[in-house]
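Below you'll find the structure, written out as structure tokens, and then a few comments.
Letters A, B, ... mirror the listed sequences (proteins, then strands); counts begin at 1.
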Amino acid sequence: MPEGLEAEIWRGACEPLIGRTIVAADVDERVAPFAFAHVVVGATIGDVRRVGKVVLLGLLPTGEQTSRSIGLHFGMTGRLIVDGVAAIERLSYASGRDAAQWDRCVLQTDPAPAAGVGTPALRFNDPRRLGRVTIDPDLSRLGVDIFDVTAAALGAALGRRQIAIKTALLDQHVVAGLGNLLVDEMLWRAGLDPHRPAATLDQREVRRLAEMIRRRLPIMLRRGGSTTGALSPDVRSAPHACARDGFPLRRETIGGRTTIWCPGHQH
DNA sequence: CGGCATGTTTCGCC
DNA sequence: AGGCGAAACATGCC
């Protein structure tokens, strides 16, 4: 479920962790680097940031060690439970149980959560285990962040690429934080056919797309994330008419991902 | 049971 | 060399 909006919600949920010291880390070694626990235990969380779909817990420098950060990459099904509370419940695999067997990284802190010493400060829960917990993730090649998109940045990033605009927008080196749902939503809002080669968008269309991203993201963030658009999971999973013009929505695969779009107004 | 999934990386073919 | 699509990863849900 995690796209940039979910990461942003979880970033906010992690803010109470600032100033706490990690006293224990129980990690599934299949999703974390060697010696992860060794690196983070004893460190104090200094700040919490987000870049694209990644949540970053900044660690204050200790003694000989330079400052480091924990990167949380959620994959398809990762999610966070902070101080015993899941900031987002409206997720797949969240129906009913959030099984402890799917916990891939559990952090205990000092001070402990108000909920009690037995409650982990952070649980990285991921059934499919496509997510990753990293140390000092390389973010240097990511594109402009979703909340910083401008027409100029978007135009430059799309460049002369001939790949479908749908595929280009999913590339994190172009825009960091857009996922499959958000891309379909923004193309629907901007009235752009997802098959269009990226380079064929003229300036006016790039401006319109950037404007939709800039305007809709804060609204969807307030409403609860990537699932709150006109092309909600409910709309995506069964045949629906376009909410804008009544045209039957089309469902097809573009760039390997299921794409929902309206042939009536997306050109 | 078959198909599908809000993501990223890798492989192989132009 | 670089771009691109398919496959792989891993597991649960409908």
Return yes if some donor-acceptor pair links the side-chain N/O of Asp83(A) with the main-chain N/O of Pro113(A) below 3.5 Å, else return no.
no

Of Glu252(A), Lys166(A), Arg236(A), which is the lone residue that meets side-chain hydrogen bond (donor to acceptor under 3.5 Å, both in side chains) with Thr259(A)?
Lys166(A)

Rounding to an integer number of Å, can you tell me how far Trp10(A) CH2 sits from dG7(B) C1'?
12 Å

Starting at CD of Glu6(A) and ending at P of dA5(B), how long is that distance when rounded to a whole Å?
17 Å

Gap between atoms CG and P, on Asp171(A) and dG7(B) respectively (whole Å):
13 Å

Quick one: Leu139(A) CG to dT8(B) C1', roughly how many Å, whole number?
14 Å

Calculate the interatomic distance between Leu72(A) atom CG and dG7(B) atom P; express it in whole Å.
17 Å

For Phe74(A) and Trp10(A), take the angle between the two ring planes, folded into 0 to 90°, and tell me which bin it lands in: parallel under 30, tilted 30 to 60, perpendicular over 60.
tilted

Using whole Å, what does the distance between atom P of nucleotide dA6(C) and atom CD1 of Ile254(A) come to?
12 Å

Taking Leu192(A)'s backbone N and O only, do any of them form a donor-acceptor pair with Gln266(A)'s side chain (distance below 3.5 Å, no angle check)?
yes

Report each atom pair, protein N/O against N/O of nucleotides 2-5 of chain C, whose distance is under 3.5 angstrom.
unit_1, atom_1, unit_2, atom_2, d
dC4(C), OP1, Ile163(A), N, 3.2
dC4(C), OP2, Arg161(A), NH2, 3.4

When you check the phosphate oxygens OP1 and OP2 of dG12(C), does a side-chain N or O of Trp102(A) lie under 4.0 Å from one of them?
yes

Under a 3.5 Å distance rule, please check whether Asp103(A) uses its side chain to pair with a backbone N or O of Val106(A) as donor and acceptor.
no

Whole-Å distance between dG7(B) P and Gln172(A) CD?
8 Å

Is a side-chain donor-acceptor pair under 3.5 Å present for Thr77(A) with Asp126(A)?
yes

Using the C1' atom as the reference point in each nucleotide, state the distance between dC1(B) and dC9(C) in Å, no decimals.
22 Å

Report the nucleotide, chosen from dC4(B), dC9(C), dG12(C), that has the shortest atom-to-atom distance to any side-chain atom of Arg251(A).
dC4(B)

May I ask you to evaluate whether Arg257(A) reaches the phosphate of dG7(B), defined as a side-chain N or O under 4.0 Å from OP1 or OP2?
yes

Without swapping roles, check the side chain of Arg79(A) against the backbone of Ile81(A) for a donor-acceptor pair under 3.5 Å.
no

Nucleotide nearest Asn180(A) when distance is taken to its side chain, options dA10(C), dG12(C), dG7(B)
dG7(B)

Euclidean distance, atom CG of residue Leu170(A) to atom P of dA6(C) [Å, nearest integer]:
14 Å

Give the dot-bracket line for DNA chain B from 5' end to 3' end: parentheses for intra-strand Watson-Crick or G-U pairs under 3.5 Å, square brackets for crossings, | for inter-strand pairing, dots for unpaired.
.||||.||||||||

Contact class for Thr258(A) vs. all strands (heavy atom < 4.0 Å): base, sugar-phosphate, or nothing?
sugar-phosphate

The side chain to side chain donor-acceptor pair (under 3.5 Å) partners of Arg214(A) (sequence neighbours excluded) come to Glu211(A)

Output yes when a side-chain donor or acceptor of Arg196(A) lies under 3.5 Å from a complementary backbone atom of Thr200(A), and no otherwise.
yes

What's Gly179(A) touching, base or sugar-phosphate or nothing? Going by heavy atoms closer than 4.0 Å.
sugar-phosphate

Heavy-atom distance under 4.5 Å between the side chains of Arg223(A) and Leu5(A), does that happen here?
no

